[in-house]
There are 2 protein chains.
Amino acid sequence: MSTAARTQSPAAEAWSLLQTLMFDVQRPRFITLCSEFDVTPPQLMTLRRLDADTPVPTSEVARWLTCDASNVTGIVDRLEARGLVERRPDPGDRRVKMLALTDEGVALRDEIVRRLAMPPEPLAALPRADQRALRDILRLAVDRG
Amino acid sequence: MSTAARTQSPAAEAWSLLQTLMFDVQRPRFITLCSEFDVTPPQLMTLRRLDADTPVPTSEVARWLTCDASNVTGIVDRLEARGLVERRPDPGDRRVKMLALTDEGVALRDEIVRRLAMPPEPLAALPRADQRALRDILRLAVDRG
DNA sequence: TATTGTTATACTCTATAACTATA
DNA sequence: TATAGTTATAGAGTATAACAATA
């Protein structure tokens, strides 16, 4: 352990460790998953946000992707061409396009979500008690945010 | 809490919460940081990997980015044009280009790393005892991997 | 007038394949 | 022959600006 780590606040060191987990473990995993399912990262992120039952406006997907709305047009065009997503009118505002998954889109998203949900080695290898403690602390953190 | 969450293993639920933290909190933060420092995400990732003292071959950066080596050429071209990175010969193998940060590159990387290291609200707001417990568990997980 | 989504444009990232220099 | 890095190419993501339809 470095001197810097010892003098950091516990939250800072925890965050640094989380970033290691995300950059070194999750990022390669995510990229591999994308190519396995033949979707690009923003396409996968879009599928994760959408649903069949509760359509969301294009602007919401732009917010979710943290990108300009003009980019969503092309991303959705390609997902729509593959039959995974559909554009629906918004009865209340004719400017708005509502986005929703098709049945095929739901199937693909479910499979992707299932794969993303599998805990990586470093977490799965933890003693059960530590897994529970980790879960409880993260629940506390996320529920507040 | 969902029924699914209750029936998952603790590691699976912890991982799901971590992903929430990463997608909802870290990703927008990362993208904002990139535009603030006028670098693209792969450029920022490259700066994070490099150093002034211990040059690494181009191939190592490709591994780090999880992308083909041909892409690194352009990414490094642009960082080099800004005076942040330099290519050095490898005395042992004249095919290899070693990559290292310039002084300016070190300064920028340090500032970026400092900003990335700031724990986000959900973590910073945790009680001190939970921060320490989180840190200890993550140390255990990461040290094994 | 303001907003939603699209189009046009220029730049960057990406994988693949072909190439050069070196091993 | 094999490998490291580059170049060429085509497809995708990105921000910005301008536009049409609608509010």
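Lettering follows sequence order; numbering is per chain, from 1.
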Distance below 4.0 Å between B:T73 side-chain N/O and D:dG5 OP1 or OP2: no

Rounding to a whole Å, what distance do you find between B:I31:CD1 and C:dT12:C1'? 15 Å

Mind listing the closest non-hydrogen atom pair of A:L123 and A:P119 along with its distance? CB-CB, 4.4 Å

Rounded to whole angstroms, how far apart are CZ on B:R94 and P on D:dT6? 16 Å

A:N71 atom CG is separated from D:dT16 atom P, nearest whole Å, by 10 Å

So does A:R95 get a side-chain nitrogen or oxygen closer than 4.0 Å to the phosphate oxygens (OP1/OP2) of C:dA2? no

Tell me whether B:R109 contacts the main-chain N or O of B:L50 through its side chain, where contact means a donor paired with an acceptor under 3.5 Å. yes

Atom CD of B:Q43 to atom P of C:dT14: distance rounded to whole Å? 10 Å

Which comes earlier along DNA chain C counting from the 5' end, the contact point of B:R78 or that of B:S70, where each point is its nearest nucleotide? B:R78

Carboxylate-amine/guanidinium contact A:R87 A:D77, below 4.0 Å: yes

State whether A:R87 places a side-chain N or O below 4.0 Å from either non-bridging phosphate oxygen (OP1 or OP2) of C:dT6. yes

Picking from D:dA23, C:dC13, C:dG5, the nucleotide nearest the side-chain atoms of A:V96 would be C:dG5

What's the CG-P distance between A:L65 and D:dA12, to the nearest Å? 16 Å

Indicate yes or no: does B:R88 engage B:E86 in a salt bridge with an N to O separation below 4.0 Å. yes

In whole angstroms, how far is the C1' atom of C:dT12 from the CG atom of B:D68? 16 Å

Would you say B:Q19's side chain and A:L116's backbone share a donor-acceptor pair under 3.5 angstrom? yes

For A:P57, which contact category applies under a 4.0 Å heavy-atom criterion: base, sugar-phosphate, or nothing? sugar-phosphate

Compare side-chain N and O positions of A:S59 against OP1 and OP2 of C:dG5 and report whether any pair is under 4.0 Å apart. yes

Please check the phosphate of D:dG13 (OP1 and OP2 only) for any side-chain N or O of A:T40 closer than 4.0 Å. yes

Distance in angstrom units between B:R63 CZ and D:dG5 C1', rounded: 13 Å

Whole angstrom value for the distance that separates C1' of D:dA4 from CG of B:D90: 10 Å

